[in-house]
Each structure stands twice: as structure tokens, then as C-alpha cells.
Amino acid sequence: MEDKKIILSGIQATGDLHLGHYIGVLKRFVEMQEKYNCYYMVANLHALTVRRDPEELRENAYKLLASYIAAGLDPEKSTIFLQSQVHEHAELGWVLDCYTYMGELNRMTQFKDKSAKHADNINAGLFTYPALMAGDILLYQTDLVPTGEDQKQHVELTRDLAERFNKLYGDTFKIPEPFIEKVGARIMGLQDPTSKMSKSSTIPNDTIMLIDTPDEIMKKVKKAVTDSEGIVKFDVANKPGVSNLMTIYSIIKGISIEDVEKEFDGKGYGDFKTAVGEAIVKELEPFQTKYNELINNKEYLESIYTEGSRKAAEKASKTLRDVYDKLGLI
Ligand code: ATP
Ligand code: LTN
């Protein structure tokens, strides 16, 4: 187990997941557990940067945990845990706050976007969020961090912080690499294919939720924005809607974009959309069945996160101990 490369990633516990999460990260998490030593976290401390109802935050942690397992994560193979159960995250986050410059945080696109969206609550946590995320990653001596495209900047900052710390105090942290797929790292909205599919989109039919019914999924795909050309061809600049649907289809089917073009050569958008919608419905069916079972089995979910968090803490505490020693913290 120890000679396998280490993976760490997480999703914020902020609500139901959508198809962007599934294709961008969840499906990849599942594939990776065969080859790597994986740590998958429910990022609930990160969720506090926006005001949350406590009951909802608690429920969201269970939902995310159930989604991880329903998608195929296996607690026997991967360490699945809650960020709030491993106190080392908050501690290393604080230490790294003290080694991160305001200028670096100021450049973070996610901070700029989120502060524009939540102008009434631009709190210090929203600003220092990337340092907490760096702590998540560095605690596990992580080699690779699989995320969507939007998180690349945070992983790059994590590398800078790790290098800075290592230079000052000697080898402490492994320098992690972002692990971002060329295809699928940025699934776009169905109505606005120039913005990423997001939980916070307010446009109706823009986002396919993983718990949408087959009818809802088919309806949303049929309504997806395309163009007037009528040709299934991959061209992000000129045909963002069609290209996005092609990306979704190619990943679900496990075929190349060229194969998608060939399959729909000479066919119109009607046929294409039906095929995309059906592929999504079929892909999500086993997920939904499993999810519905798990979400009502809190006891099982508790046993997963308790054991996962214990295992995670074992690893994280070693790194934090080393950091505290090097810093002179008794
Ligand atoms: P949202 O914008 O939907 O609120 P988020 O990016 O703010 O989501 P998370 O929910 O924590 O925050 O995202 C978890 C992971 O899913 C990240 O690695 C992120 O890059 C990835 N992800 C989110 N949306 C997409 C998308 N549309 N396409 C591909 N990957 C995505
Ligand atoms: N910041 C990420 C979620 C996240 C994460 C992490 C991802 C928190 N900690 C560690 C990878 C590794 C987001 O907003 N999507």
C-alpha cells in the first residue's frame, strides 16, 4: 500500500452534486482507487465560508458521503473521511495562513468570483480558503490531486507553500502535482455553455443533478442550447453547447470525441440529444438506486466516516507533529 502514489481530493459539503462533479471528479476518483492510495474527504470546514444552516450542513455531509459510495468508492480500498473529524486540518491550515502572502490570496480567481457573488459576506475564511486546502493536501504527503480545472490555481499555490516551508525548515512536505484530465475537467452549463456547470447556477435547466429523475434529465438535455448548424462536431469556440454534450457523451461511453463525431455523422441534434440523455440516465441509474438506499442508512455512513477519519488522522498527525517540531511548537 505504501509504495503506491498518494491521492487526496475533496468536495465541499454544500448541497446535492451535479453532472459536472460526477464527470469531472467522482468517476475519476473511482477509477483511481485501483491504482493509488486514495484519501477522499468531505470538505465540511470549507463549507463554512458561506453562511449555512447547521442542520443542512450536517445533512450535506451525509449526502456527500452517500454519493461517494454510491458512485463506487469502496471504503475497503480508499480512506473516506470528514474534514471536521480530523482536527489536524484546521491546525495545519492556521500554520499555513502564516506562510501565505496576502498578494498570493488576492490573485485567486475563486476568491474573486465568490466575493462578487457573496458581496455581503466577504469573510476572512473565504480569503484564506486556499491555505486550508493546501493543508488538506500536504497533511497526507500527497503526490497527485485530482480536481476540475477551476482548482488548478489552488494546487499550484499549495506547491509554492510546500516549497517555501521546505526551504525554511528542511524537507517536510511532498510537493503535490495537479492531476487534471484534458477532457471533462470543465463541464459547462446546458443553458449557458460558456460557464461551468455549478450548484449556484440560477438558470433553469442549466444543471443536471445526480438525483434528477430520468424525465427531468431527458427534458434538460433536450432543451440544452446548441447552434443552428445541425452538425455534431467538436468546436468549443464556435459550438460550445454541442461540444459540451459531446464531452459528456464521450466520457460516459468511454469513447473518444472522434468516435462521437463518427457515430453521429449525418444525424441531427434531435437524435444526438436523445442518445446523450439516455446515456446519462443509464449511467446514473445504479448510482441513484445505491444512493437512495444509503442515505437512509445513517448508521452505516457513520461507521464509514468514523473508521475513515481514524485512518486519515493516523497519517495526518505524523505530518503535523513534524511541522510543530520544526516550528518549535511544544
Ligand atoms: P460548484 O461551482 O458547483 O459550487 P465548486 O467547484 O465550488 O462547485 P466543489 O463542489 O467542492 O466546489 O467541487 C468539487 C470538485 O468538483 C472540484 O474539484 C471541482 O473542480 C469539480 N467540479 C465542480 N464543478 C465542475 C464542473 N462543472 N466540471 C468539472 N469539474 C467540476
Ligand atoms: N477547494 C475545492 C474543494 C477542496 C479540495 C481540497 C479539493 C477542499 N479541499 C483538497 C482537492 C484537495 C473546491 O472548492 N472545489
Side-chain angles (χ1 to χ4, degrees), residues 6-29 32 38-50 52 60-61 63-64 67-68 71 81-84 86 89-90 92-93 96 108-114 117-118 125-126 128-140 142-159 161-162 176-203 206-210 240 244 247-248 251 312 316:
I6 297 177
I7 292 261
L8 177 127
S9 195
I11 300 182
Q12 291 195 66
T14 51
D16 295 326
L17 298 185
H18 53 69
L19 193 65
H21 291 120
Y22 185 80
I23 292 187
V25 287
L26 255 188
K27 214 171 148 60
R28 298 183 58 218
F29 287 178
M32 284 172 197
C38 301
Y39 291 84
Y40 295 122
M41 180 180 78
V42 171
N44 54 355
L45 294 178
H46 275 96
L48 290 181
T49 53
V50 172
R52 311 266 170 208
N60 281 340
K63 283 183 173 177
L64 186 51
S67 302
Y68 278 171
F81 69 100
L82 300 191
Q83 192 182 26
S84 60
V86 183
H89 288 258
L92 185 59
L96 293 175
M108 294 294 123
T109 328
Q110 183 168 306
F111 172 68
K112 289 187 220 166
D113 289 351
K114 295 224 162 155
K117 255 187 221 155
H118 303 279
L126 194 63
T128 61
Y129 180 113
L132 181 61
M133 174 164 162
D136 300 337
I137 296 167
L138 298 178
L139 276 175
Y140 298 90
T142 302
D143 293 284
L144 300 166
V145 187
T147 63
E149 182 62 45
D150 61 321
Q151 295 300 312
K152 191 169 179 209
Q153 202 184 22
H154 292 159
V155 181
E156 278 163 358
L157 176 67
T158 304
R159 289 170 61 87
L161 296 181
E177 303 265 354
F179 197 23
I180 297 167
E181 275 313 306
K182 281 188 205 75
V183 180
R186 200 170 149 81
I187 298 298
M188 311 307 270
L190 297 186
Q191 290 299 314
D192 176 8
T194 60
S195 302
K196 79 163 190 158
M197 188 177 280
S198 165
K199 284 171 217 156
S200 49
S201 171
T202 49
I203 315 170
D206 199 41
T207 304
I208 293 184
M209 305 309 296
L210 299 188
N244 188 41
T247 302
I248 294 171
I251 292 183

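First listed ligand is number 1; within each ligand, the first listed atom is number 1.
No donor-acceptor distance shorter than 3.5 angstrom exists from the side chain of Ser201 to the backbone of Ser198, with no hydrogens or angles considered. In terms of modelled atom types and a separation under 3.5 Å, the side chain of Tyr40 and the main chain of Phe29 share a donor-acceptor contact. Judged by distance alone, with hydrogens and angles left aside, the side-chain atoms of Thr142 form a donor-acceptor pair with the main-chain N or O of Ile137 at under 3.5 Å. At distances below 3.5 Å, not a single donor-acceptor pair connects side-chain atoms of Gln83 with backbone N or O atoms of His89.
When heavy-atom distances to ligand 1 are checked against 4.0 Å, the residues falling inside are Ile11, Gln12, His18, Gly20, His21, Gly24, Val25, Lys114, Thr147, Gly148, Asp150, Gln151, Gly184, Ala185, Arg186, Ile187, Lys196, Met197, Ser198, Lys199, ordered by chain and number.
Using modelled atom types, one finds a donor on one side chain and an acceptor on the other under 3.5 Å when comparing Lys199 with Thr14.
Ring geometry, Phe81 versus Tyr140: the interplanar angle falls from 30° to 60°, so the pair is classed tilted.
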List the atom pairs, donor and acceptor, that lie under 3.5 Å between side-chain atoms in residues 180-188 and the rest of the protein, sequence neighbours left out.
{"unit_1": "Glu181", "atom_1": "OE2", "unit_2": "Arg28", "atom_2": "NE", "d": "3.3"}
{"unit_1": "Glu181", "atom_1": "OE2", "unit_2": "Arg28", "atom_2": "NH2", "d": "3.4"}

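Between Thr194 and Asp192 the shortest heavy-atom distance is OG1-OD1, 2.5 Å.
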Could you pull out every N or O of ligand 2 that sits under 3.5 Å from a protein N or O, with the distance for each pair?
{"unit_1": "ligand 2", "atom_1": "1 (N)", "unit_2": "Tyr129", "atom_2": "OH", "d": "2.7"}
{"unit_1": "ligand 2", "atom_1": "1 (N)", "unit_2": "Gln151", "atom_2": "OE1", "d": "3.0"}
{"unit_1": "ligand 2", "atom_1": "9 (N)", "unit_2": "Asp136", "atom_2": "OD2", "d": "2.7"}
{"unit_1": "ligand 2", "atom_1": "14 (O)", "unit_2": "Gln12", "atom_2": "NE2", "d": "3.3"}
{"unit_1": "ligand 2", "atom_1": "14 (O)", "unit_2": "Tyr129", "atom_2": "OH", "d": "2.6"}
{"unit_1": "ligand 2", "atom_1": "14 (O)", "unit_2": "Gln151", "atom_2": "NE2", "d": "3.3"}
{"unit_1": "ligand 2", "atom_1": "15 (N)", "unit_2": "Gln151", "atom_2": "NE2", "d": "3.3"}

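Residues meeting the side-chain hydrogen bond (donor to acceptor under 3.5 Å, both in side chains) test with Asp150, sequence neighbours left out: Lys196.
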